[in-house]
Amino acid sequence: MSEAKKQLPSVAGVTAAILHEISSSLGSSATKATLAALRHSIGKEASASIDIWPLLFEKLPEAYIGRGRALSHEERTILKTLQLYALHQQGNDQSVWLEQETKDRENTGHGKGKKQRNNIGDALKLLRRGDDSLAVDRRFNALVTSTDYDELIHHLRQMVKLLRAKKDGKIDYPALASDLYWFSRGYEESVRLNWSRHYYRFETKGQENND
């Protein structure tokens with residue numbers, strides 16, 4: 001691997017940099033307009049959503065910028081993650097981003113050799129605390145058995161809408177971006193298993209607040 005490749009920020013790192021900029025000014029009219037533009041871009045071609053281009057492209061390394069009509073894996077992953085964040089943030093005064101230490105990862109594997117951080121499974125576990133946990137489990141199972149990227153994103157949007165009603169429902173969005181990237185690069189089974197492990201794992205009393 002070349003030295004230049006090693007120095008590239010990870011997808012998680014780029015996502016975190018963008019989220020730092022957004023979450024530091026949630027009350028500003030400019031940020032509210034940016035979040036609205038992200039929500040309005042959901043389901044549309046990127047070429048039809050020019051308002052989000054500065055946010056998406058300004059912090060992307062040159063190597064991550066696509067060359068044709070289709071978005072690169074990195075562009076698509078970061079855009080989808082930001083759209084999910086904007087959907088989740090709607091109606092919330094406090095940031096819904098669960099900030100954890102984000103270290104750049106080489107884009108060569110799905111977090112191999114790294115200490116596991118909280119993932120989307122930990123966030124969605126919060127939804128199981130109600131009386132209708134079986135219905136939530138069915139939704140989660142539909143998410144992790146998604147057969148392709150677009151189906152996965154569809155189910156994530158539905159789960160994020162449910163989580164939005166929970167005041168303490170936060171997601172580590174850079175970690176989610178990393179998982180979505182690896183899902184799109186052929187590591188679907190690894191992502192599914194990691195999310196399921198965190199969603200279903202047994203937790204001793206007090207562990208939920210100490211992860």
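What you are looking at is a predicted structure, and each value in this text was computed from that prediction instead of being measured.
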* Please assess Q89 against W97 for the test side-chain contact (heavy atoms from CB on, under 4.5 Å), listing each intermediate value before the final yes or no. => CA-CA 9 Å; Q89 189 63 55; W97 170 25; over 6 Å; no

State, yes or no, whether a side-chain contact exists between [X] and [Y] at a heavy-atom distance under 4.5 Å.
X	Y	answer
L127	F140	no
R139	L162	yes
L152	L180	yes
I78	V11	yes

[atom1] of [X] to [atom2] of [Y]: how many Å apart, nearest 0.5 Å?
X	Y	atom1	atom2	value
D172	T15	CG	OG1	10.0 Å
K161	L84	NZ	CG	10.5 Å
K170	N92	NZ	CG	9.5 Å
L56	L82	CG	CG	7.0 Å
K80	L176	NZ	CG	13.0 Å
W195	L124	CH2	CG	8.5 Å

Show the nearest heavy-atom pair for residues [X] and [Y], with the distance to one decimal.
X	Y	answer
R128	D137	NE-OD1, 2.8 Å
P61	V14	CD-CG2, 4.0 Å
A123	I171	CB-CG1, 3.7 Å
A46	W53	O-NE1, 2.8 Å
T77	A177	CG2-O, 3.0 Å
H88	R164	O-CG, 3.4 Å

Can you get from [X] to [Y] by hopping between Ile, Leu, Val, Met, Phe, Trp and Tyr side chains that sit under 4.5 Å apart?
X	Y	value
L134	L163	no
Y181	Y64	yes
L98	I22	no
L60	L79	yes

Does the [X] side chain pair with the main chain of [Y], one donor and one acceptor, at a distance under 3.5 Å?
X	Y	answer
E75	L71	no
R201	Y199	no
D122	N119	yes

* **Residues in side-chain contact (heavy atoms from CB on, under 4.5 Å) contact with E189, at least two apart in sequence or another chain** =>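 Once residues adjacent in sequence are excluded, the partners of E189 under the side-chain contact (heavy atoms from CB on, under 4.5 Å) criterion are R192, L193.
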
* Evaluate the ring planes of Y149 and F183, with Trp represented by its six-membered ring, and classify them as parallel (under 30°), tilted (30 to 60°) or perpendicular (over 60°). =>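 The arrangement is tilted - the two ring planes meet at 30° to 60°.
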
* Asked: Any side-chain donor paired with an acceptor under 3.5 Å for N141 and R138?
  ->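 No.
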
* Using a cut-off of 6.0 Å, state whether more than 12 heavy atoms not belonging to Q94 lie near its atom CD. =>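 Atom CD in Q94 is not packed in, count stays at 12 or less.
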
For residues 38-45, please give each side-chain donor-acceptor pair under 3.5 Å, one per line with the distance, not counting sequence neighbours.
residue : atom : partner : partner atom : Å
R39     : NH1  : A86     : O            : 2.9
H40     : ND1  : A36     : O            : 3.3
S41     : OG   : L38     : O            : 2.6
S41     : OG   : Q83     : NE2          : 2.9
K44     : NZ   : H40     : O            : 3.2

Give every donor-acceptor pair under 3.5 Å between a side-chain atom in residues 23-35 and any protein atom, sequence neighbours left out.
residue : atom : partner : partner atom : Å
S23     : OG   : L19     : O            : 2.8
S24     : OG   : H20     : O            : 3.1
S24     : OG   : E21     : O            : 3.0
S25     : OG   : T31     : OG1          : 2.7
S28     : OG   : S25     : O            : 3.0
S28     : OG   : T31     : N            : 3.1
S28     : OG   : T31     : OG1          : 2.9
T31     : OG1  : S25     : O            : 2.8
T34     : OG1  : A30     : O            : 3.0

